[in-house]
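Hydrogens, waters and symmetry mates play no part in the numbers below; they use all other heavy atoms, side chains included.
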Amino acid sequence: TIDGLTIEILFDSRYYEKMSNLNDTSLVYKLTLANKTTVLFLGDLAQIGGEYLADKHGIKLKSDIVQMSHHGQRGVSRRVYELIRPEICLWPTIRSVWENDAGAGYNTGQWLTLETRSWMNELDVKMHGIMKDGDIRLI
């Protein structure tokens, strides 16, 4: 804890030997701000790493804000996001990935971003900060 900001490491590379996907060795950490707002950073975590994270931390993953894993596509499972139950999602995502556009228009690509977006709608997320839109103010 530094100046009212708490940083907690929830997942790190110690799980490396158990992972078949390098993205599953992403550092996952949770910030708790002085005003008690929580922010969870998932990095590029993928399915298997996400399941380890969920099994180990369960409801402790609940956070006000989440950085979407692996640009919001082919990252962690819906189960992980259900445990997080964010109000705000941060999408480190360019327009083509956001729209699943491989060059032939909306939803013509191989990305799963639209599926992840539907999960967030079903989880009643209040706000989306998307990299493609530039800087945003959250708080």
Side-chain angles (χ1 to χ4, degrees):
T1 300
I2 303 169
D3 290 336
L5 171 70
T6 300
I7 304 169
E8 183 178 7
I9 306 300
L10 301 180
F11 193 86
D12 60 30
S13 63
R14 80 183 85 178
Y15 302 102
Y16 179 78
E17 292 178 359
K18 297 177 183 175
M19 302 301 159
S20 60
N21 181 335
L22 187 60
N23 287 342
D24 276 323
T25 64
S26 290
L27 181 67
V28 175
Y29 57 98
K30 186 174 185 175
L31 303 180
T32 303
L33 310 178
N35 69 1
K36 304 300 181 202
T37 298
T38 53
V39 186
L40 184 65
F41 291 87
L42 295 173
D44 270 345
L45 201 63
Q47 293 281 324
I48 295 172
E51 293 307 308
Y52 271 81
L53 182 72
D55 290 344
K56 182 172 181 176
H57 295 289
I59 61 171
K60 183 179 182 180
L61 296 177
K62 171 65 182 113
S63 298
D64 302 306
I65 303 169
V66 66
Q67 172 260 312
M68 304 300 286
S69 74
H70 200 255
H71 312 281
Q73 72 88 33
R74 293 191 201 281
V76 299
S77 67
R78 179 184 173 123
R79 172 184 174 223
V80 175
Y81 289 119
E82 288 173 345
L83 289 167
I84 298 168
R85 290 245 172 237
E87 293 181 27
I88 300 172
C89 294
L90 303 177
W91 297 79
T93 308
I94 60 176
R95 181 173 305 280
S96 58
V97 175
W98 177 255
E99 296 178 352
N100 189 31
D101 181 353
Y106 189 84
N107 203 19
T108 59
Q110 63 183 2
W111 300 292
L112 300 178
T113 321
L114 298 179
E115 178 181 19
T116 307
R117 287 171 57 183
S118 73
W119 298 345
M120 296 307 104
N121 288 337
E122 291 166 9
L123 292 174
D124 235 5
V125 168
K126 306 293 185 242
M127 180 180 176
H128 298 277
I130 310 153
M131 184 179 80
K132 71 171 184 63
D133 295 335
D135 293 343
I136 60 165
R137 184 177 185 101
L138 297 175
I139 305 171

### Query
Would a distance-only check, ignoring hydrogens and angles, find a side-chain to backbone donor-acceptor pair under 3.5 Å from Thr93 to Ile130?
no

### Query
Can you list the residues that meet the side chain to side chain donor-acceptor pair (under 3.5 Å) rule with Thr6, with sequence neighbours excluded?
Thr1

### Query
Does NZ or CZ of Arg117 come closer than 6.0 Å to the centre of the six-membered ring of Trp91, within 45° of the ring's axis?
no

### Query
Side chains of His71 and Thr113: does their closest heavy-atom pair fall under 4.5 Å?
no

### Partner residues of Lys60 under the side chain to side chain donor-acceptor pair (under 3.5 Å) criterion, sequence neighbours left out
Glu8

Distance-only donor-acceptor pairs under 3.5 Å for side chains of residues 61-68, two or more places apart:
{"residue": "Lys62", "atom": "NZ", "partner": "Arg85", "partner atom": "O", "Å": "2.7"}
{"residue": "Ser63", "atom": "OG", "partner": "Leu61", "partner atom": "O", "Å": "2.8"}
{"residue": "Asp64", "atom": "OD2", "partner": "Thr38", "partner atom": "N", "Å": "2.8"}
{"residue": "Asp64", "atom": "OD2", "partner": "Thr38", "partner atom": "OG1", "Å": "3.2"}
{"residue": "Gln67", "atom": "OE1", "partner": "Leu42", "partner atom": "N", "Å": "3.0"}
{"residue": "Gln67", "atom": "OE1", "partner": "Gly43", "partner atom": "N", "Å": "2.7"}
{"residue": "Gln67", "atom": "NE2", "partner": "Gly43", "partner atom": "O", "Å": "3.2"}

### Query
Residues sharing Leu114's hydrophobic cluster, by side-chain heavy-atom contacts under 4.5 Å among ILVMFWY, directly or via others?
Tyr106

#### Entry: For the student: nearest non-hydrogen atoms of Asn21 and Asn23, plus distance
OD1-N, 2.8 Å

### Task
Under the salt bridge (Lys or Arg N to Asp or Glu O under 4.0 Å) rule, collect the residues that match up with Glu82, sequence neighbours excluded.
Arg78

### Query
Can you tell me if Asp101 uses its side chain to pair, donor with acceptor, with the backbone of Ser96 under 3.5 Å?
no

### Query
With side chains defined as the heavy atoms from C-beta onward, is the minimum distance between Phe11 and Leu27 less than 4.5 Å?
no

#### Entry: Side-chain touch Phe41/Val28, heavy atoms, less than 4.5 angstrom
no

### Query
Are any non-hydrogen side-chain atoms of Glu51 and Ser77 less than 4.5 angstrom apart?
yes

### Query
Are Asp44 and Arg74 within salt-bridge range, i.e. N to O under 4.0 Å?
no

### Task
With sequence neighbours excluded, tell me which residues meet side chain to side chain donor-acceptor pair (under 3.5 Å) with Asp124.
none

### Message
What I'd like to find out is whether the side chain of Thr37 reaches to under 4.5 Å of the side chain of Thr32, using heavy atoms alone.
### Response
no

